[in-house]
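One structure is given below, encoded as structure tokens.
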Amino acid sequence: MSPPSSLAHLMPRLSWLLWPSVAVFVGFSWLPLSYFRMVGWPWILLWQGGFLALVIWLIVRLRQFQQPFYSLGHGLDGWLLTLMSVLAVSSLRSPFPRVALLNASLAVTYGLGIYAYRNWVDQSWLTRRRLGLGLVTVAAGVALISLTLWRPTADLWQSQNFMTAIRNHQPLGHHNFVGGYLGLMLPLAVAAALSLAGIWRWAAAASVGLITVALYVSGSRGAALGLVVWLLVTWIGGLVRADKTHRWRWGLMGLVTLGGVGLALATNPRIRGWFSTTGTTDGPTLDRWFMLRLGGNILQDRPLVGVGPGVMSRVSNLYRPIETGAGLDHIQQLHNTPVQLAGELGLPGLVLYMAGLFLIGRLWWRLWRLPLTAEDRYLLGGIGGAFLAYGVSSLTDYQLENIPIAGTLLALVVLLISLADAYGLPRVSQSPSPRNPHPKSLSHGEMDFETRFRPPSPHGRGAGGEGRIVEKEQVCGTEVLPARRRWASLAVWAWVGLLLYLWLPFTLTVGFGAWADGAFYNQNINLADTRWHKATLLSPWDPTAAAVASEAFYDLDAMLGDSEAKDNVRSLVVDYAQQAQAAAPNDAWFNQNLAVLYQPENPAQALPYAQRAVQIIPRNRNHGYWLLGELLLATGQAPEAIAAFTLEALVNPESLTYPLWEEPPLQAIYPAVVEQTLTEYDQLLTDLDPQAPGYSILYEIRAVLGWWVGQPLEPMDTDRLRPILPILFLAETNPVTALTQMEALIATDATPPNLLLTAWLDPVTHWPTYTKAIGDPSNINTLRLEETLDTQPLRDWLTSLPQRPDRSYRGALTFAYRNAQAKQMTQMLAPPRLKTHFVLRKLSLFQSWPREFPALDHRLVALQAEALGLTLRD
């Protein structure tokens, strides 16, 4: 007999260590915006503490040699070990190993959690029945909170707009998370309702209704697709198994159910977007196609190791297809679970994903073929339905870093293993133990029918559910030898140490970032700087604290006059911006911000960062090529500067109208930029099919540029121009006729640009109409605009109000950098001397390019390489 463990007597007192993990699962399921709070202060301490308590309980359980400890069996142990090895190799070979290791550590800890719960469920008061009902209870709570916090828009039923349609993100933080989780839990809730009786059945049925409604209003189309597939497979399976005399009833019931679901989904604006007849492509669906190609590009470059777990946002711009144009900027996931795993872990990750599906599917099927009790069959059906519905949904999103979703998936695996144990599947020989020192190894064929198929008690245990374990069920698991348990416990202790090494610095970084933020807005500048500095020292690979500090001090610098304090603040701005760029060198806007900051004092030092910014985002819509052109000109590279300004005019045609062209040194190269730009536009028009999307916009912009630079007006295809443009061209030479035509136009199309041009042609009559349309006549910009109405001729009016361009802002970076403070990283700096024309912009003279315009994007990349020698992933 093994000697008593020194920890054995502590087990009853340490059993509470399991409860923090339960509290974490329930808390982060119900906590509003839980995905963001997971990386916010102080919430990060809660889930890390819960996970560490779970791992320590596992250690104690391993050392309690008087009690059996079971492995997972069914091939899952080897699968998990292989996964951990792949995670380790991929992380160490990642371009950002510390980021990858931090994310891999969470995945490995989840794996250890499976062992803990596998040895808790059905070996304590927590039976599989209670676990299953507990999961449904938590899901009902999620649905109730979700509906309570739902704030639908007024145009709910008519809107086709992506942002105003049904899109409930509470409480998990994103509508796809909410839909994915509820789609995962709905089949299990249905199974609970079928297996219960009396008032409990009604309670479970109510949870089914709550979950269904909350899933609907989440607006997750992937979850809806998973729901439909699950219902269809369930109906077909039931129809095949139904008795012939009752098959028509099952068929009718299924048709009615599916018809009702179809009708409900048809009322969802986001679902209708899939079947739009307007000729436009559904943006999210197109993005997913681009993400598939992005994942393929990663596999071509790094087939065996991928980019590392959790690193996608740091490298995605290096691999995105050219055709994405202005979309998919710094994405953190590929919206497809197998593709995401392949991108992060390489082909081994994809193989492991498929192997995991096979092992779980095989185990489920073998159980399904057994003569189960009605209750267990419902449970098994719910588990299978959950995996099926979520498996389909997961092809449209990646959600394994979300605590409620990942925890539920692991709990379902534990439930499967528990069922397999209860029904003796498979029956394997055990290592000698105090309770069974000489077990007899039997094959499946040697098992007697009673032992193999004897249904367990309702709770999977002896009478009463909490007594001793039924002897015939003890031999169903694979018990781990005490010697191996000792080594395993030491390995898990080592893992605890590694977790503290990986988690503690980042946890303190999040804390110092939050404390610095509070100090800064309480005007304690020195304390804020000290805390931000500590945060960057603790986690130099995380750009958040440095970027937030740089932005905060930049805004402070703008308010200071010339003083020594201003110089000190300016130095902090640059230093923190440099640290942010060093932590995330593939972030286009960190590079551009740093280039703008270096530009006044050291153009040569700024140049590489400006080059990198346009490499990463070839269609840089924040004047990146203009910045590059100024730096190239300042460093004596005039031909390259002309090419950069030409690229800017391709991305932003309005740039050819900017006031700075009238000042040296830009004045000298303006003719060359104009000539090269118009040549590029003419070539694009020649190469592009006139029926292709975007051709009309390209044609119109070329016509406006030709008019602006003084080219003679040639006969134009007015069907490809907005009606205001031919009248605008006429207004320069014949304002009387132009007024007549504009008055006829605003009678049917009274848009603000049309009203503004009409007001310039006849201020007394039409200015009040314009101010009424915009609804803010006392705004300072409106008053300034009114003062210009007497300006003649037209060109002088269009250029009468130069101003700084609108400040561009970023968003949603909490997803990209997994730090709640990242939501404050909004800054995208533009060249400091740059100015635009306010009147011209109010007229919307230049249309925006389509988000996807392959002809333009391929030309941008080609011209970068030809004229500037820049290629991606240099």
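Throughout, numbering of the chain's residues begins at 1 and tracks the sequence.
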- Item | Carboxylate-amine/guanidinium contact Asp587 Arg810, below 4.0 Å | yes
Thinking salt bridges, do Arg128 and Asp376 make one under a 4.0 Å N-O criterion? yes
For this session: Start with the C-alpha gap between Tyr390 and Tyr181, add the side-chain angles, then the distance that decides, and say whether ring pair (Phe, Tyr, Trp, His ring centres under 6.0 Å) holds.
Result: CA-CA 8 Å; Tyr390 187 76; Tyr181 170 77; 9.3 Å; no
Would you call the rings of Phe177 and Tyr35 parallel, tilted or perpendicular, taking 30° and 60° as the class edges? tilted
On a heavy-atom basis, the closest approach of Leu352 and Leu83 is CD1-CA, 3.6 Å
* Can Asp287 and Arg320 be counted as an ion pair, charged N to O under 4.0 angstrom? -> no
Note to self: Parallel, tilted or perpendicular: which one describes the rings of Trp364 and Trp368, with boundaries at 30° and 60°?
What the structure shows: parallel
Under a 3.5 Å threshold, yes or no: a donor from one side chain and an acceptor from the other, between Gln48 and Thr507? yes
| query | Do Asp397 and Gln333 get their side chains close enough for a donor-acceptor pair, meaning under 3.5 Å? | reply | yes
Open item on the list: Check whether Ser489 reaches the backbone of Ile59 with its side chain - one donor and one acceptor, N or O, closer than 3.5 Å.
Closed with: no
Side chains of Ser105 and Trp495, donor plus acceptor under 3.5 Å = no
Q.
Checking Leu106 against Met38 for the side chain to side chain contact (heavy atoms under 4.5 Å, CB included) test, could you report, in this order, the C-alpha distance in whole Å, the side-chain angles of both residues, the deciding distance, and whether it holds?
A. CA-CA 12 Å; Leu106 183 56; Met38 181 181 173; 3.7 Å; yes
Evaluate Trp541 against Phe506 for ring pair (Phe, Tyr, Trp, His ring centres under 6.0 Å), listing each step before the verdict. CA-CA 10 Å; Trp541 46 267; Phe506 181 64; 5.5 Å; yes
Trace of the side chain to side chain contact (heavy atoms under 4.5 Å, CB included) decision for Leu357 with Phe387: CA-CA 9 Å; Leu357 290 182; Phe387 279 122; over 6 Å; no
The side chain to side chain contact (heavy atoms under 4.5 Å, CB included) partner of Ser394 among Ile405, Leu409, Thr337 is Thr337
(Q) Using a 3.5 Å distance criterion without hydrogens, assess whether the side chain of Ser393 forms a donor-acceptor pair with backbone atoms of Gly226. (A) no
Closest heavy-atom pair, Ser71 versus Asp77, reported as atoms and distance to 0.1 Å, is CB-OD1, 3.5 Å
Donor-acceptor pair, distance only, cut-off 3.5 Å: does the side chain of Asn336 make one with the backbone of Thr396? no
Can any side-chain N or O of His74 pair as donor or acceptor with the backbone N or O of Leu76 at less than 3.5 Å?
no
* Donor + acceptor pair across side chains of Ser124, Trp120 (<3.5 Å) -> yes
Which of Val496, Leu502, Leu500 passes side chain to side chain contact (heavy atoms under 4.5 Å, CB included) with Leu498? It is Leu502
Do other residues, nucleotides or ligands put more than 12 heavy atoms under 6.0 Å from Arg93 CZ?
-> no
| Does the side chain of Asn168 come under 3.5 Å of the side chain of Ser218 through a donor N or O and an acceptor N or O? | no
Step by step, would you call Leu508 with Leu504 a side chain to side chain contact (heavy atoms under 4.5 Å, CB included)? CA-CA 6 Å; Leu508 292 176; Leu504 185 59; 4.2 Å; yes
Q: For Trp19 and Trp57, run ring pair (Phe, Tyr, Trp, His ring centres under 6.0 Å): C-alpha distance rounded to whole Å, both residues' side-chain angles, the deciding distance at 0.1 Å, then the answer.
A: CA-CA 10 Å; Trp19 287 105; Trp57 181 92; over 10 Å; no
When every non-hydrogen atom of Pro171 is compared with those of Val178, the smallest separation belongs to N-CG2, 4.2 Å
Test side chain to side chain donor-acceptor pair (under 3.5 Å), reference Ser539, set Thr509, Asn819, Thr544, output is Thr509
What one should report as the nearest heavy-atom pair of Gln821 and Gly513 is OE1-O, 3.8 Å
Ring-plane angle category for Tyr817 and Phe590, please: parallel below 30°, perpendicular beyond 60°, tilted otherwise. parallel
Salt bridge (Lys or Arg N to Asp or Glu O under 4.0 Å) filter on Arg302, not counting sequence neighbours, yields none
Between Gln340 (side chain) and Leu334 (backbone), is there a donor-acceptor pair under 3.5 Å? yes
Short side-chain to backbone donor-acceptor contact, Asn586 and Arg314, under 3.5 Å | yes
Kindly say whether Met312 contributes a backbone atom to a donor-acceptor pair with the side chain of Glu344 at under 3.5 angstrom? no
Q.
Treating Ser91 as the side-chain partner and Gly308 as the backbone partner, does any N or O pair qualify as donor plus acceptor under 3.5 Å?
A. no
Donor-acceptor contacts under 3.5 Å from residues 24-31 side chains, at least two apart:
| unit_1 | atom_1 | unit_2 | atom_2 | d |
| --- | --- | --- | --- | --- |
| Ser29 | OG | Phe25 | O | 2.6 |
| Trp30 | NE1 | Val138 | O | 2.9 |

Any side-chain donor-acceptor pair under 3.5 Å between Trp230 and Thr234? yes
**Message:** I'd like to know if the side chain of Ser90 and the backbone of Leu87 have a donor-acceptor N/O pair within less than 3.5 Å.
**Reply:** no
Asn297 side-chain N/O to Tyr319 backbone N/O, donor-acceptor pair under 3.5 Å
yes
Original post:
Step by step, would you call Arg98 with Leu102 a side chain to side chain contact (heavy atoms under 4.5 Å, CB included)?
Top reply: CA-CA 6 Å; Arg98 190 59 188 264; Leu102 186 67; 5.9 Å; no
